[in-house]
Protein chains: 2
Amino acid sequence: MTFSEENYLKSIYHLTAALETEVSTNAIAEIMETKASSVTDMLKKLAEKDLVNYKKYQGVSLTENGKLAAKMIVRKHRLWEVFLVEKLNFSWDEVHDIAEQLEHIKSEQLINRLDDFLGNPTEDPHGDPIPDANGRIIKIEKHLLSELSDNQTGVCVGVKDTSSEFLKYLDKQGIALGSKIEFLSKESFDLSVKIKVDERELSISNKIASNLFVKLV
Amino acid sequence: MTFSEENYLKSIYHLTAALETEVSTNAIAEIMETKASSVTDMLKKLAEKDLVNYKKYQGVSLTENGKLAAKMIVRKHRLWEVFLVEKLNFSWDEVHDIAEQLEHIKSEQLINRLDDFLGNPTEDPHGDPIPDANGRIIKIEKHLLSELSDNQTGVCVGVKDTSSEFLKYLDKQGIALGSKIEFLSKESFDLSVKIKVDERELSISNKIASNLFVKLV
DNA sequence: TCTCTTTGTTACTCAAAAAGAAAAAAAATG
DNA sequence: CATTTTTTTTCTTTTTGAGTAACAAAGAGA
């Protein structure tokens with residue numbers, strides 16, 4: 001499998017996971033920053049290899065093979081991210097690009113040993129779940145901070161947006177995975193939210209609040 | 001720099017290090033298992049980028065830029081090998097192919113942090129020196145076992161042949177880096193050598209003895 | 001000199017990926 | 001329902017990296 005094929009699979013996986021439905025050629029073209037015609041070509045190639053179900057004009061979905069292959073790529077990506085953060089002291093906003101390269105290294109043995117070395121983590125540094133060697137994923141119950149009600153309390157367990165800017169903002173505000181967050185109140189005018197993080201009161205915009213996942217406690 | 005360019009640089013580096021002279025197009029073609037004409041193409045490309053000194057008909061050598069670039073690739077390769085052996089418990093005969101992939105990951109930060117994480121090792125699992133971030137290499141005094149005289153004693157510090165077969169043979173014989181090796185005598189008929197390894201007497205062929213490096217003690 | 005080997009050049013081939021234009025199909029609109 | 005718009009596909013090209021084949025030139029030895 002070429003790098004490009006792997007990247008397509010990964011994109012389709014993320015899109016279908018979010019939408020729970022077939023994805024359109026254009027949707028793929030957009031997030032991969034390429035042209036629809038290029039996507040069509042690749043879809044034919046992937047269909048040939050029984051990695052996607054491709055019916056012209058109808059969108060694509062992953063076959064079982066494709067889903068497993070995509071999960072293995074995601075697994076590699078996220079395990080390498082854990083490695084970079086836990087072992088090499090990178091911060092969570094620096095790891096994406098490097099993991100993007102490392103995810104294409106081909107060796108099952110390597111990734112399984114890395115998994116063991118890291119203590120079989122179930123989440124990456126952004127709180128996203130890591131598929132195990134069989135592709136199984138442990139889902140945890142999580143809610144967007146923006147959707148809590150007044151006075152509910154949660155622990156930060158993930159971020160939706162993993163861009164470097166957002167993560168750096170969180171660092172600056174002292175919000176990290178594991179932070180205890182109390183939802184105090186929502187401002188009806190701009191939907192901004194008053195929260196208390198580790199005893200500090202803070203006001204965050206709705207955009208921020210709708211990119212933070214918390215687990216209720 | 002493409003993978004292929006990096007692989008050429010690395011090959012030229014190894015060839016020139018061994019021979020201390022210009023290398024011929026044909027010599028490169030042979031170890032890279034390709035045709036002389038392909039090599040010529042690449043040499044032009046590398047000369048364009050000021051990575052090699054290429055004078056038609058005269059062979060190539062690395063420029064300072066090229067030498068540094070090659071050393072950085074070797075550095076990555078050998079550091080990843082240390083990682084695989086020390087942290088992921090691979091054996092020394094299993095790591096080459098994986099390191100061959102990992103050496104192409106592009107991130108200076110990554111490799112320097114990996115270096116620190118591993119405790120700034122100076123040799124890889126086969127006893128070969130690891131260039132530091134500036135390309136400096138610490139050479140140690142080492143001799144081929146086949147060239148010792150009777151009753152000299154040394155410690156195994158490296159192998160010349162790093163093929164999986166040879167390394168597995170050494171494992172089977174209980175010879176590893178750090179093994180104390182006493183040179184007992186050489187058989188003049190076939191040049192085979194009697195040695196004592198950790199209190200066990202052993203007879204090894206000349207071929208084996210000329211692929212083992214020892215440091216005299 | 002003649003011949004052989006080494007080395008280099010030029011012109012192709014091939015594959016992967018992507019792009020553009022135009023055709024075809026599906027969806028939306030009045 | 002007919003027409004328009006949007007989406008998707010098809011077909012044709014381009015680009016890039018890699019490599020091959022055939023031929024030309026240089027140099028070495030007899």
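Protein chains get the first letters and strands the later ones, always in sequence-line order, with residue 1 at the start of each.
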Within residues 3-12 of chain A, those residues having any heavy atom closer than 4.0 Å to DNA chain C are A:Ser4, A:Tyr8

For B:Arg75, the side chain to side chain donor-acceptor pair (under 3.5 Å) test, sequence neighbours excluded, returns B:Asn112, B:Asp115

The ring pair (Phe, Tyr, Trp, His ring centres under 6.0 Å) partners of B:Tyr169 (sequence neighbours excluded) come to none

Check: Can you check whether A:Thr2 has a side-chain N or O nearer than 4.0 Å to OP1 or OP2 of C:dA17?
Finding: yes

Those residues at least two apart in sequence (or on a different chain) that pass side-chain contact (heavy atoms from CB on, under 4.5 Å) with A:Asp116 are A:Asn120

**Message:** Any carboxylate oxygen within less than 4.0 angstrom of a Lys/Arg side-chain nitrogen, looking at A:Glu5 and A:Lys45?
**Reply:** yes

query: Are the charged groups of A:Lys76 and A:Glu108 less than 4.0 angstrom apart, N to O?
result: no

Rounded to whole Å, CD1 of A:Ile28 lies from C1' of C:dA18 at a distance of 15 Å

Is a salt bridge present between A:Glu103 and A:Arg78, judged by a nitrogen-to-oxygen distance below 4.0 Å?
no

Sorted by number, residues from residues 30-38 of chain B placing a heavy atom under 4.0 Å from DNA chain D are B:Thr34, B:Lys35, B:Ser37, B:Ser38

Residues 27-41 of chain A vs salt bridge (Lys or Arg N to Asp or Glu O under 4.0 Å), sequence neighbours excluded, gives none

What residues 39-53 of chain B contributes to the DNA chain D interface at heavy-atom separation below 4.0 Å is B:Asp41, B:Met42, B:Lys45

With a 4.0 Å cut-off (strictly under) to non-hydrogen atoms of chain A, the first and last hit nts on DNA chain D, 5' to 3', are D:dT7 to D:dT10

Can you confirm whether B:Lys215 is buried at NZ, in the sense that more than 12 heavy atoms of other residues, nucleotides or ligands lie under 6.0 Å from that atom?
no

Hits for ring pair (Phe, Tyr, Trp, His ring centres under 6.0 Å) against A:Tyr8, two or more places apart or cross-chain, chain-then-number order -> none

Does atom NZ (B:Lys160) have a neighbourhood of more than 12 heavy atoms from anything else shown, all under 6.0 Å? no

Separation of C:dA27 atom P from A:Lys56 atom NZ, nearest Å, is 16 Å

Hits for salt bridge (Lys or Arg N to Asp or Glu O under 4.0 Å) against B:Lys56, two or more places apart or cross-chain, chain-then-number order -> none

Sorted by chain and residue number, the side chain to side chain donor-acceptor pair (under 3.5 Å) partners of B:His126 (sequence neighbours excluded) come out as B:Glu81

Those residues at least two apart in sequence (or on a different chain) that pass side chain to side chain donor-acceptor pair (under 3.5 Å) with A:Asp128 are none

